[in-house]
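A short write-up of the structure that comes next.
Note that these values count all heavy atoms, side chains included, but never hydrogens, waters or copies made by symmetry. What you are looking at is a predicted structure, and each value in this text was computed from that prediction instead of being measured.
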Amino acid sequence: MNKWSHKATVLYMKFETKEGITGVADIMPVHVVTDPGTQVPSHLQRIPIPQLNRTSPTTDMCVKGKVVQKYPLVSLEDDDYILKTVVQEHDHQQNLPSGPTSINAILFGALAKDFSQNVNQGDVLVLAGFTVGRSPTVHKDGLHPCNLQLSGKEACVYVCRPPAPGPSASANPTWTTAASVEAHKTKYTYVALKDLKPGMVVNVYGVVTFFKQPFRTKGTDYCSTLKITDQSDVKLGCTIFSDKLEDHPQIYKIGDIVRLHRVKTQLFNGTVNVMTSLGFSALTFDGAPGSPVVPRTSSKSFHFSDEDRRTVEGLRAWAASRSVLPPASCVRLSSVQPRVYFDLTCQLLAKAAVDTSCTLLKVWDGTRCDHPLLNLAVDSETLEGSTAVVRGRDNLVASVLVYDNHVEVAQGLKPGMYLRIYNLHAVPQSGAVPHEAEAGHLAFHLHGGTAYGRGIRVLPEDSPDLQELRRTLDSVSAALENDPEDSSLEEVWSTPQESLDANPQESITVRTCDHKLKHVTLARVKAATPPQVFHVRAQLRSFQPERLHQALKLHCPKCRALRDVPDEETIASLFQEALNGTEHCSEAWALTGYLDSSVPGRKIALHLPGGMERPGNELVFVEGATLEEMCRMSGGCRNMVPVRLSEGRMALLDLSAPFFFQGTKKHYGCKQCSQAGCLEPDTEDVREWDERKVAEALGVQLMQYVFLMQLELEDETDSVEALLWEHAESFFRVSASDAATSQDAQDWIQETMNKLHPLGGSLAERPWLDLCLRSYAVEGDGRHVVCHQIFDTVAGGAEL
DNA sequence: GATTAGGCTTAG
């Protein structure tokens, strides 16, 4: 039972306290030991933390664990102290009983003070002479239902600190100071979010999926709330407390990447989240793949390595490919619709306190709002800054009313600053007298509270998030300066007025094109001669196919053939058909081995091109397997080509079946454009196989996964059938090949369609879509047919 | 003794 029974001798170490006083440990309750095997009393029996309960015997018992959390020393009266720490079961060599592995330990008196000075987070301890009490915080921290209480002269803590290796190890290995332990902690490790358990203090990386700017709490600190995710596909809530705003992560938008050091995990509502702990620090990075990896931090010194750079780039690529991030809701003034909530990146021109709970900000982003903007007049006495730059032009300056908790932030703003205002509400002025003329004019409200991330962030002038805004403002300011009457400015601001006012609905899609076109009615679209480009605002009456998996097709880029993705049953029967006879291929270019199949007597042949001389070559030709066997094998060995024997030679299966299995991905070839016949692949120079290289080596024309849907659009004038085809992937922000294998991607598309076309919703409840349409003519039955296709449009406005 | 908040629209 006792793991440390080698020697009964207890060696008491000299140690140095932080004050530099050298003392002798045998009169102090915290003992620093280098070898617990010889230096911890052998009569102590170790009890695993999960096994502890209120009735556990404590005499001659001990607990061994790692300090995962150390709280500050609390001074009481009369030189008395108290200190809390969290200890996690450490290095147990037997199977642990189930139960919480982390426990609170409360230390009293001199032991608390001594512990505070001599024990660091990460140290491994042996605790003895404790009593077991009920933990009053079990529901809050999710740790062990008991706690350990250490007081009086029985209580004792051994700190196990093996001498540090290497040249910087202490010259006197019998004692170790806190400083020399720290010196060896230069390498940080990061825990995957799925591996977090309550009671740990960890470092994590993640992509931000939700955030609130720091806001004042009822306590002494500001609080930031964020949600992050990583490749392990877990979402983690993070709560950052700090009274210093600069210590909070500087998050500008969803998709930013954060690195958090020293956060502690805890259980809340049955899930793990993290919170700042002692020594917390944060770095933030832009989330765009390819942008410079420059951390945003106020810290003067921080650890940042090539590995960190790779981690950031990995998270960027992962987030971009997965389209798992909720869409950003950044909107320019020119495309703000009444009643939407949106994020505005802008420059502050002027501000004025309205009353104690409201401040007015005058901002612009260089674009002109489609809808008339309310121009809230302010006494020039109270107005700080000026809106003169717009020279009387209408609808360039937005009035933003900032309420309640945001007033404090607004007070610190100076005209000229660049801001991002989150969850701004576009509120049409009601039509009541005496301002009848301004009915419908938009004012922007930043409501009180922090729901949906409401808040204001000052963006640094050199921020990449500002480049576009600054370019626009520069060109508009210059144009206004030179010729305030220049009508070409209309082009810059765009002036689509026609149908908008008649139809002031918010939009659930966003156009990404650069056209400065007015919106037109669907009746106009139908009457126009192709080819043309239109901007329309319409509702979705219906769409085809309703079963969304049927919207996924295979497309040959060469002959433009389009076919359905075969279902599992069809593929399985093609594999079944290929299981003919017991004879197997034998090709000079491949080494052949055999596996037993699920059916006695049937063998699966594995043909390895280049044989054993090419151990790095991962392309395997598989013969005699069912679809199920194939899928099982390709899960482990990534690159597999199913083959069969045909006229004595190795050949591909019917190209209705996938010709290449890459993990869970299946790749198809075009029947029309691929070379049939026996296989003699040239595998010589290929080190890494992908679907293109395999297709090339096998003479197969690769087919692409694509989306094809037909949407029936309608407005008050007409209806038009429009295809989602060439720009369908960017419309959904999901690649078709991802949709072929990822349930998440499929769910995302389903959700998107549900939002565009709510089930059972009446026409009035259906959202409006702002779309860029192209018309074109195609030959059909010897005559021209006009088609419409949706281009440059992304689903997911501020509402999605 | 270990604070705060713990996203999920104001209602101006």
Roughly how many Å is it from NZ in Lys264(A) to C1' in dT4(B), rounded to a whole number? 12 Å
Among side-chain atoms of Lys362(A) and Asn375(A), is any donor-acceptor pair under 3.5 angstrom? yes
If you look at every strand shown and take non-hydrogen atoms under 4.0 Å, does Gln266(A) touch a base, only sugar-phosphate, or nothing? base
Rounded to the nearest 0.5 angstrom, the CG-SG distance for Asn273(A) and Cys238(A) is 8.0 Å
Between Thr345(A) and Arg420(A), does any side-chain donor sit less than 3.5 Å from a side-chain acceptor? yes
Whichever of Thr450(A) and His425(A) has its nearest DNA chain B nucleotide further upstream toward 5': Thr450(A)
Within this structure, what is the CG-to-C1' distance between Leu401(A) and dA11(B), rounded to whole angstrom? 14 Å
From CD1 of Ile240(A) across to C1' of dG7(B) the rounded distance in Å is 14 Å
5'-most contact on DNA chain B: Gln149(A) or Thr209(A), nearest heavy atom basis? Gln149(A)
Aro-ring/base stack Tyr452(A)-dG7(B), d under 5.5 Å, angle under 30°: no
Out of dA5(B), dG1(B), dT9(B), minimum distance to the side chain of Asn147(A) belongs to dG1(B)
Between OH of Tyr403(A) and P of dT10(B) the distance, given in whole Å, is 14 Å
Which nucleotide sits closest to the side chain of Ile82(A): dG1(B), dG7(B), dT10(B)? dG1(B)
If you look at every strand shown and take non-hydrogen atoms under 4.0 Å, does Asp404(A) touch a base, only sugar-phosphate, or nothing? base
Please give, in whole Å, the distance from dT4(B) C1' to Phe280(A) CZ? 15 Å
Within a reach of under 6.0 Å around NZ of Lys66(A), are more than 12 heavy atoms found that belong to other residues, nucleotides or ligands? no
Heavy atoms only, 4.0 Å cut-off, all strands: where does Arg454(A) land among base, sugar-phosphate and nothing? base
Taken to the nearest 0.5 Å, the spacing of His425(A) NE2 from Tyr403(A) OH works out to 11.5 Å
Looking for any heavy atom pair under 4.0 Å, which part of the strands does Gly448(A) touch: base, sugar-phosphate only, or nothing? base
To the nearest 0.5 angstrom, please state how far the CZ atom of Phe285(A) sits from the CZ atom of Arg259(A). 6.0 Å
Determine, stepwise, if the pair Asp221(A) / Lys244(A) fulfils salt bridge (charged side-chain N to carboxylate O under 4.0 Å, His left out). CA-CA 8 Å; Asp221(A) 292 343; Lys244(A) 295 187 199 68; over 6 Å; no
Taking side-chain contact (heavy atoms from CB on, under 4.5 Å) as the criterion, tell me which of Val208(A), Val234(A), Val207(A), Thr209(A) meets it with Ile228(A). Val208(A)
Indicate whether the side chain of Ser329(A) and that of Asp343(A) have a donor and an acceptor atom separated by less than 3.5 Å. yes
Going by the side-chain contact (heavy atoms from CB on, under 4.5 Å) test, name the single residue among Ser298(A), Ser299(A), Ser281(A) that passes it with Asp247(A). Ser298(A)
Could you check whether Phe241(A) and the base of dT3(B) form a stacked pair, meaning centres closer than 5.5 Å and planes differing by less than 30°? no
Could you give the CG-to-C1' distance, from Asn269(A) to dG6(B), as a whole number of Å? 7 Å
Counting only non-hydrogen atoms, which of residues 218-234 of chain A are less than 4.0 Å from DNA chain B? Lys218(A), Gly219(A), Thr220(A), Asp221(A), Cys223(A), Lys227(A)
Regarding the side chain of Pro136(A), the nearest nucleotide among dG1(B), dG6(B), dT4(B) is dG1(B)
Whole angstroms only, please: what is the NZ-C1' distance between Lys212(A) and dT4(B)? 13 Å
Can you pull out the residues from residues 254-262 of chain A that lie within a 4.0 Å heavy-atom distance of DNA chain B? none
To the nearest Å, how far apart are Leu107(A) CG and dG1(B) P? 15 Å
